[in-house]
Enquirer: 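First the structure, which I've put down as C-alpha cells, then a few questions once you've had a look.
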Amino acid sequence: MMLTYLIAAMLTFSTPASQDYYCFPGNYTETTTSLNVLPSFLDAYEPEVKAVYKLASAHTDVLQWIPCYCGCGQRAKHENNKDCFIREIRANGEIVWDTHAAHCINCLEIAREASILAEQGKSTLFIRRHIDGKYTNAYAKPTPTPMPE
C-alpha cells in the first residue's frame, strides 16, 4: 500500500485529453511468464510508468470493469482499462503485455486512481462510478466496458 501512495505522490497526471486525442504512437507486446514478471520494455520508461504497470497487474480484477477514456475503445478495440496494459492472460499463466498504456497519460492515471481506491477497500462499483464521473465529460469516448455486477 505504501508503494501506491508513493506512486500517487510522484504522478501528477492532470492534462485532460480532448475528444480528438488518442494515444497510439505504435503499440507492441511482450510476453512474460506471469503477472509478477513485468515486461522488459518498461526499462525504457520513467520508473513511475513501471510502477503503474505493477499496480495494474495487481488489480486486473478491478480494471476489467473500468473504462478507459483515451479513445482506445474505438482505435485499438480495447474493452476496458486492463486492456491498455495487458492484451491477454493465457490459460498457462503467461501474460501478453501491451505498450499502449506506457504512452498514454490517461490510461496510466485511470489505472493508478482505480488501484488506489481498490486498496482503500472501495467496491468495484464505487470505483467505476468515480472514474465515469471524473472522465465522462472532458475526455474521449470510453471503452465499451459493462458495469460491474
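Count residues from 1 along the sequence.
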Enquirer: Heavy-atom distance under 4.5 Å between the side chains of Asp83 and Lys77, does that happen here?
Expert: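 When only atoms from C-beta onward are counted, Lys77 and Asp83 do not touch, as no gap falls below 4.5 Å.
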Enquirer: With Tyr45, which residues qualify under ring pair (Phe, Tyr, Trp, His ring centres under 6.0 Å), at least two apart?
Expert: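 Ring pair (Phe, Tyr, Trp, His ring centres under 6.0 Å) list for Tyr45, sorted by chain: His103.
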Enquirer: Roughly how far, to the nearest 0.5 Å, is NE2 of His130 from CD1 of Ile110?
Expert: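 Output value for this atom pair is 10.0 Å.
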Enquirer: Please test Asn80 against Trp65 for side chain to side chain contact (heavy atoms under 4.5 Å, CB included), starting from the C-alpha separation and ending with a verdict.
Expert: CA-CA 6 Å; Asn80 52 54; Trp65 298 105; over 6 Å; no
Enquirer: Listed by chain and number, what are the side chain to side chain contact (heavy atoms under 4.5 Å, CB included) partners of Ala58, not counting sequence neighbours?
Expert: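 With sequence neighbours excluded, Ala58 shows a side chain to side chain contact (heavy atoms under 4.5 Å, CB included) to no residue whatsoever.
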Enquirer: Are the side chains of Ile127 and Val62 in touch, meaning some heavy atoms are under 4.5 Å apart?
Expert: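 A side-chain contact under 4.5 Å exists here.
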Enquirer: Do Ser123 side-chain atoms and Phe126 backbone N/O form a donor-acceptor pair below 3.5 Å?
Expert: yes
Enquirer: Start with the C-alpha gap between Ile116 and Lys122, add the side-chain angles, then the distance that decides, and say whether side chain to side chain contact (heavy atoms under 4.5 Å, CB included) holds.
Expert: CA-CA 9 Å; Ile116 288 170; Lys122 304 296 184 192; over 6 Å; no
Enquirer: Return each pair, listed once, that meets salt bridge (Lys or Arg N to Asp or Glu O under 4.0 Å) where at least one residue sits in residues 34-46; pairs must be two or more places apart or across chains.
Expert: Asp43-Lys50
Enquirer: Please list all pairs meeting salt bridge (Lys or Arg N to Asp or Glu O under 4.0 Å) that have one or both residues in residues 91-106, counting only residues at least two apart or in different chains.
Expert: Arg87-Asp98, Arg90-Glu94
Enquirer: I need the Cys68 SG to Leu108 CG distance, nearest 0.5 Å.
Expert: 9.5 Å
Enquirer: Going by side chain to side chain donor-acceptor pair (under 3.5 Å), name the residues that satisfy it together with Thr145, two or more places apart in sequence or in a different chain.
Expert: Thr143
Enquirer: Under the side chain to side chain donor-acceptor pair (under 3.5 Å) test, which residues partner Asp132, sequence neighbours left out?
Expert: Tyr69, Arg128
Enquirer: What pairs with Gln64 under side chain to side chain donor-acceptor pair (under 3.5 Å), at least two apart in sequence or on another chain?
Expert: none
Enquirer: Is it true that Thr32 and Trp97 share a donor-acceptor pair across their side chains at a distance under 3.5 Å?
Expert: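 Yes - a donor-acceptor pair under 3.5 Å links their side chains.
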Enquirer: Residues in side chain to side chain donor-acceptor pair (under 3.5 Å) with Thr33, at least two apart?
Expert: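 Not a single residue meets the side chain to side chain donor-acceptor pair (under 3.5 Å) criterion with Thr33.
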Enquirer: To the nearest 0.5 Å, how far apart are OG in Ser40 and CD in Glu30?
Expert: 3.5 Å
Enquirer: Mind checking whether Pro67 and Glu79 have side chains closer than 4.5 Å, heavy atoms only?
Expert: no
Enquirer: Answer yes or no: is there a donor N or O on one side and an acceptor on the other, between the side chain of Glu113 and the main chain of Ile131, under 3.5 Å?
Expert: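 Here the side-chain-to-backbone pair does not exist.
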Enquirer: When rounded to the nearest 0.5 angstrom, what distance separates SG in Cys104 from CD in Glu109?
Expert: 11.0 Å
Enquirer: Can you name the nearest heavy-atom pair linking Pro144 to Gly73, along with the distance?
Expert: CD-CA, 4.4 Å
Enquirer: Where do Ser115 and Ala56 come nearest, in terms of heavy atoms and distance?
Expert: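 Result for this residue pair: OG-N, 4.4 Å.
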Enquirer: List, by chain and number, the other hydrophobic cluster members for Leu125, where Ile, Leu, Val, Met, Phe, Trp and Tyr join if side-chain heavy atoms come within less than 4.5 Å, directly or indirectly.
Expert: Met147
Enquirer: Can you name the residues that form a side chain to side chain contact (heavy atoms under 4.5 Å, CB included) with Ala111, not counting sequence neighbours?
Expert: Val52, Leu63, Asn81, Phe85
Enquirer: Same cluster or not: are Val49 and Tyr28 linked, directly or through other Ile, Leu, Val, Met, Phe, Trp or Tyr residues, by side-chain heavy atoms under 4.5 angstrom apart?
Expert: yes
Enquirer: With a 3.5 Å distance limit and no angle check, can you tell me whether Thr31 reaches the backbone of Val96 through a side-chain donor-acceptor pair?
Expert: no
Enquirer: Roughly how far apart are Ile66 CD1 and Thr124 OG1, rounded to 0.5 Å?
Expert: 6.5 Å
Enquirer: Any chance you could measure Ile86, atom CD1, to His100, atom NE2, to the nearest 0.5 Å?
Expert: 13.5 Å
